[in-house]
Amino acid sequence: MRDRREKLERLRAAGIDPYSRGFRPTQTSQAAKALLGESERTEPVALAGRLMVKRLQGGVVFADLQDGGGRIQLMASRDKLGEEEFDRFADLDPGDIIGVTGPIFKTRRGEITLEVQSFQLLTKSLRPLPEKWHGLKDVEIRYRQRYVDLIANPAVREVFRARTKIITAMRGLLDERNFLDVDTPVLQEVPGGGHARPFVTHHNSLDRDLFLRIALELHLKRLLVGGFERVYEIGRVFRNEGLSPRHNPEFTLLECYQAYADYDDVMRLVEDLMVVSAMAAGRPLETSYQGEAVNLTPPFRRERMADLVLEHTGRHAVGQELNDLFEEHVEPRLRQPTFVIDYPVEISPLARPREDDPRFVERFELIILGREYANAFTELTDPIDQRARFEAQAARRAAGDVEAHPMDEDFLRAVEYGLPPCGGLGVGIDRLVMLLTDQPSVRDVILFPVMKAES
RNA sequence: GCCGGCGUAGCUCAGCUUGGCAGAGCAACGGUCUUUUAAACCGAUGGUCCAGGGUUCAAAUCCCUGCGCCGGCACCA
């Protein structure tokens, strides 16, 4: 660093602006490489990017330029550039951002290369890059200083490109089916729609505590009351819980609600979403995650929770006990995509009861490799029942369950105006991206994961 | 929150078992080399061994405490 600071001052003294501007690349490195085709040499092109490695060979310097799309080799020779410019090029450091102009050709070894006719230092880098051969492995630096990770490990960029493609594909499918993409409040008076502890914050001029949302559900359903028949939101939610390879306190949730649909319709929607997501990520449906084979080809298996628990434990159970048995004995063993249907009403305060057996609700979760990827139900539309459910939750809260669903009078008022029959869905985007990009930790699919204060 | 592992140069890592001058490769620095590309050659550099305390003639190494990272448990998606 000290060396580079001195170099910076030398450059300034020589009249060179180490943070210059005005250079316009004419294309990306990828496009420039494609330009060559079968010809020997192209017209000069202008490229800009970060200098990665430098190989000096006497009167010739080879270097790799990395831009948003990839890398291309540069070659600068003393003969072509002249003594002064050549020395100045050779003096560049890995990490510097430069603009270069020159024709594309192929070296003796067959590497497509830009022959530097002129170049401009755009941004001087003061910090050394991680080593070129071993790269950057220290996960603490990779997560805390993602910018370095993205420079040093181009494969990481592909994970995040895939993430965006997956989200774009999901939006595309929902848009195509006339779902309206909406924004609902992040700061809420009543953090409902899920089973989790919220973050608390404070509004100064209102002098009132507010909560960061833990789910999107209650506001989206209010919009169905308002007459939007299909809505969705892909947004950040916040849950005040521990960290793990599968948990980040803020994560991205897709929720969508469709009037006049039920959970069978939603299962088909989930299958379609999985297919377009896998395609967007460039994964075949018969794929694998961390070495374990997974077949994402619909239709997915559908099983009642009570049947699965009976099959795996030999026990007939209902209510909380059924769910506990399911989570302990069944869920880890469900490896291929499975819709687990018909959850106990006690743990589903927002879902519609089955008409043939009101101890259960029309709810499903999609389980793959023992993990939950989607949670959905036919929504409860009866305001009297909804109030009773909230009151049951309030009783649990009074008994010490801090995650029990809070009473939400405004939501009840909305449902009293009339919520159309509907199906709703929630999908944890981060975990889906983990699956489809084969990443082991949620931190590998969140650009800036939550970390403790740097020591 | 609990349990376990880890923390050494800018990066990747040895050294710790069994205490005895702080090590290697790459990067950076000086020089050589005009088509190289898994790291050319020669030379000289480079350290709060995570932090603090303790044991000892002597601590990167042994002990204690704290911080951070990773994994597991708990909580949850």
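Just so we're on the same page: letters track the sequence lines, and every chain starts at 1. Heavy-atom basis, side chains included; hydrogens, waters and symmetry copies ignored.
What separates CD of Glu115(A) from P of rU36(B) is a distance of 15 Å, to the nearest Å. Glu6(A) places its CD atom 10 Å from the P atom of rG30(B), with the value rounded to the nearest Å. The distance between atom NZ of Lys137(A) and atom P of rA27(B), rounded to the nearest whole Å, is 17 Å. Counting to the nearest Å, the P atom of rG68(B) and the CG atom of Leu243(A) are 12 Å from each other. We find that CG of Asp64(A) is positioned 14 Å from C1' of rA39(B), with the value rounded to whole Å. Distance Arg78(A) CZ to rU32(B) P: 9 Å, rounded to the nearest Å.
With rG71(B), rU34(B), rC69(B) as the candidates, the nucleotide lying closest to the side chain of Met451(A) is rC69(B). Taking every side-chain heavy atom of Lys452(A) into account, rC69(B) is the closest of rC69(B), rU36(B), rU12(B). Of the candidate nucleotides rU34(B), rU37(B), rC70(B), rC70(B) has the atom nearest to the side chain of Tyr143(A). For Pro128(A), the listed nucleotide lying nearest its side chain is rG10(B); candidates were rG10(B), rG68(B), rC75(B). With distances taken from any side-chain atom of Ile141(A) to the nucleotides rC11(B), rU34(B), rU36(B), the minimum falls on rC11(B).
For the atom pair Arg301(A) CZ and Thr338(A) OG1, the distance stands at 5.0 Å (nearest 0.5 Å).
Partner assigned to rA58(B) is none, using Watson-Crick or G-U wobble distances below 3.5 angstrom. rC73(B) is paired with rG1(B) under the criterion used here, namely a Watson-Crick or G-U wobble arrangement in which both key atom distances are under 3.5 Å. Across all strands shown, rA14(B) has no partner, as no Watson-Crick or G-U wobble contact with both distances under 3.5 Å is found. Across all strands shown, nothing is found opposite rA9(B) as a Watson-Crick or G-U wobble partner with both distances under 3.5 Å. Pairing for rC41(B) goes to rG31(B), judged as Watson-Crick or G-U wobble with the two contacts each under 3.5 Å.
In this structure, Lys54(A) does not reach the rU37(B) phosphate: none of its side-chain N or O atoms is under 4.0 Å from OP1 or OP2. Within the structure, a side-chain polar atom (N or O) of Arg109(A) is placed less than 4.0 Å from OP1 or OP2 of rU36(B). For rU37(B), the OP1/OP2 oxygens have no side-chain nitrogen or oxygen of Arg55(A) closer than 4.0 Å. The shortest distance between the side-chain N/O atoms of Arg246(A) and the OP1/OP2 oxygens of rA74(B) is not below 4.0 Å.
One cannot find a donor-acceptor pair under 3.5 Å joining the base of rU35(B) and the side-chain atoms of Arg108(A). Side chain Ser77(A) to base rU34(B): no donor-acceptor pair is found below 3.5 Å. With hydrogens and angles left out, the side chain of Glu111(A) and the base of rU35(B) share no donor-acceptor pair within 3.5 Å.
Other residues, nucleotides and ligands contribute at most 12 non-hydrogen atoms within 6.0 Å of the CZ atom of Arg352(A).
When each of Asp138(A) and Arg10(A) is assigned the nucleotide of RNA chain B bearing its nearest heavy atom, the one mapping closer to the 5' terminus is Asp138(A).
Taking Tyr343(A) as the reference, nothing meets the ring pair (Phe, Tyr, Trp, His ring centres under 6.0 Å) condition, with sequence neighbours excluded.
Classified by interplanar angle (parallel below 30°, tilted 30° to 60°, perpendicular above 60°), the ring pair Phe339(A)/Phe300(A) is tilted.
Side chain of Asp96(A) to main chain of Ser125(A): a donor-acceptor pair is present (N/O by atom type, distance under 3.5 Å, no hydrogens or angles). Checked by atom type and distance alone, the side chain of Ser348(A) pairs as donor or acceptor with a backbone atom of Pro344(A) at under 3.5 Å. At least one donor-acceptor pair closer than 3.5 Å links the side chain of Glu233(A) to the backbone N or O of Thr184(A).
The separation of rG5(B) from rG43(B), taken at their P atoms, amounts to 43 Å, rounded to a whole angstrom. Comparing the same atom, C1', in rU32(B) and in rG52(B) gives a spacing of 49 Å after rounding to whole Å. Comparing the C1' positions of rU56(B) and rU61(B) gives a spacing of 13 Å, expressed to the nearest Å. When the P atom is used for both rU36(B) and rC41(B), the distance is 16 Å, rounded to whole Å.
Using a 4.0 Å heavy-atom cutoff across all strands shown, Arg142(A) reaches no nucleic acid atom at all. Residue Gly58(A) is classed as a base contact, given a heavy-atom separation below 4.0 Å to a base.
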